[in-house]
Amino acid sequence: MDTIKFVIEQYTNEEFGYVLPVINIYINDRDLIDLVSEVEHKLFAADGEKIVRSNYIGYEVDHFERFRNEMLGEKIYPRSVLLTCTCTIAECNCIMVNIAIETNTITWNDLKSPWFGGKTPSPFIDEAEAQELGWQPLDYTGLGPFVFDREQYLSALDGVTQEWHLQKP
């Protein structure tokens with residue numbers, strides 16, 4: 001069974017010189033951004049491109065309510081948003097996942113980045129329609145599925161919720 005942690009940490013954007021608190025996700029004690037970066041590095045390296053780290057950050061703490069809802073599968077788009085673009089806007093670029101909540105487990109599967117993979121008509125249209133238009137997402141099949149103990153997952157979410165409440169002005 002996989003483990004999960006949600007941690008409020010400072011994100012520093014060196015290019016534009018701002019710092020803001022974000023909620024990062026750790027799966028099996030590894031930062032989800034690093035896990036995504038490893039997959040993307042392999043995909044882009046095959047095309048001769050080089051990336052150091054993916055252009056994602058955790059949810060900006062100012063959007064905590066939305067983050068919590070997304071982690072509970074209460075999504076706005078076809079999938080739950082896990083990571084946002086470094087500009088902090090999910091609609092710019094993001095990593096999304098299907099979340100299945102069962103009696104004893106919570107499963108994340110089918111991770112996707114809706115913008116990558118060619119001429120994406122829109123990151124949030126139905127996938128079947130997007131593929132009919134010629135869009136093929138990057139292949140993240142090497143990443144997940146992740147199966148979490150429901151109790152541990154909800155406890156981790158409650159823990160970061162308590163931390164957020166303590167940090168609110």
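The chain is numbered in sequence order, starting from 1. What you see below is based on every heavy atom in this structure, not just the backbone, and it leaves out hydrogens, waters and symmetry mates.
- Residues satisfying the ring pair (Phe, Tyr, Trp, His ring centres under 6.0 Å) test with F64, not counting sequence neighbours, are F67, W164.
- For F148, the ring pair (Phe, Tyr, Trp, His ring centres under 6.0 Å) criterion is met by W108, Y153, not counting sequence neighbours.
- Here the shortest heavy-atom pairing between E70 and K75 reads OE1-CB, 3.7 Å.
- Looking at heavy atoms from C-beta onward, I95 lies in side-chain contact with S113 at the 4.5 angstrom threshold.
- Residues that satisfy the side chain to side chain contact (heavy atoms under 4.5 Å, CB included) test with T3, not counting sequence neighbours, are N28, Q152.
- Between the side chain of R150 and the backbone N or O of I101 there is no donor-acceptor pair closer than 3.5 Å.
- Under the side chain to side chain donor-acceptor pair (under 3.5 Å) criterion, D29 pairs with K5, sequence neighbours left out.
- Atoms CG and OH, on L82 and Y59 in that order, are 8.0 Å from each other to the nearest 0.5 Å.
- For D158, the salt bridge (charged side-chain N to carboxylate O under 4.0 Å, His left out) partners at least two apart in sequence or on another chain are R68.
- The CZ atom of F146 sits 10.5 Å away from atom CD1 of I25, with the distance rounded to the nearest 0.5 Å.
- To the nearest 0.5 Å, atoms OG1 (T12) and CD1 (I57) are separated by 10.5 Å.
- The CG atom of N109 sits 5.5 Å away from atom CG of N98, with the distance rounded to the nearest 0.5 Å.
- The line from CG of L72 to CD1 of I99 is 8.0 Å long, rounded to the nearest 0.5 Å.
- Residues satisfying the side chain to side chain contact (heavy atoms under 4.5 Å, CB included) criterion with N24, sequence neighbours excluded, are E9, V22, Y26, I33.
- Considering only heavy atoms from C-beta on, H63 stays 4.5 Å or farther from T84 through its side chain.
- Annotation: side chain of I76 is in contact with side chain of R66 (closest heavy-atom distance under 4.5 Å).
- Between T105 and M1, some side-chain heavy-atom pair lies under the 4.5 Å cut-off.
- Here the CD1-CG distance, from I23 to L83, works out to 11.5 Å after rounding to the nearest 0.5 Å.
- Using a 4.5 Å cut-off on side-chain heavy atoms (C-beta onward), I8 and V160 make contact.
- Side-chain heavy atoms closer than 4.5 Å link hydrophobic residues (I, L, V, M, F, W, Y) into clusters, and following such links, possibly through other members, connects Y56 to Y77.
- Between G73 and S80, the shortest heavy-atom contact is CA-OG, 3.8 Å.
- Note on V147 and L111: separate hydrophobic clusters, where clusters join Ile, Leu, Val, Met, Phe, Trp and Tyr whose side-chain heavy atoms are under 4.5 Å apart, directly or indirectly.
- Other residues, nucleotides and ligands contribute only 12 or fewer heavy atoms inside 6.0 Å of the CD atom of E151.
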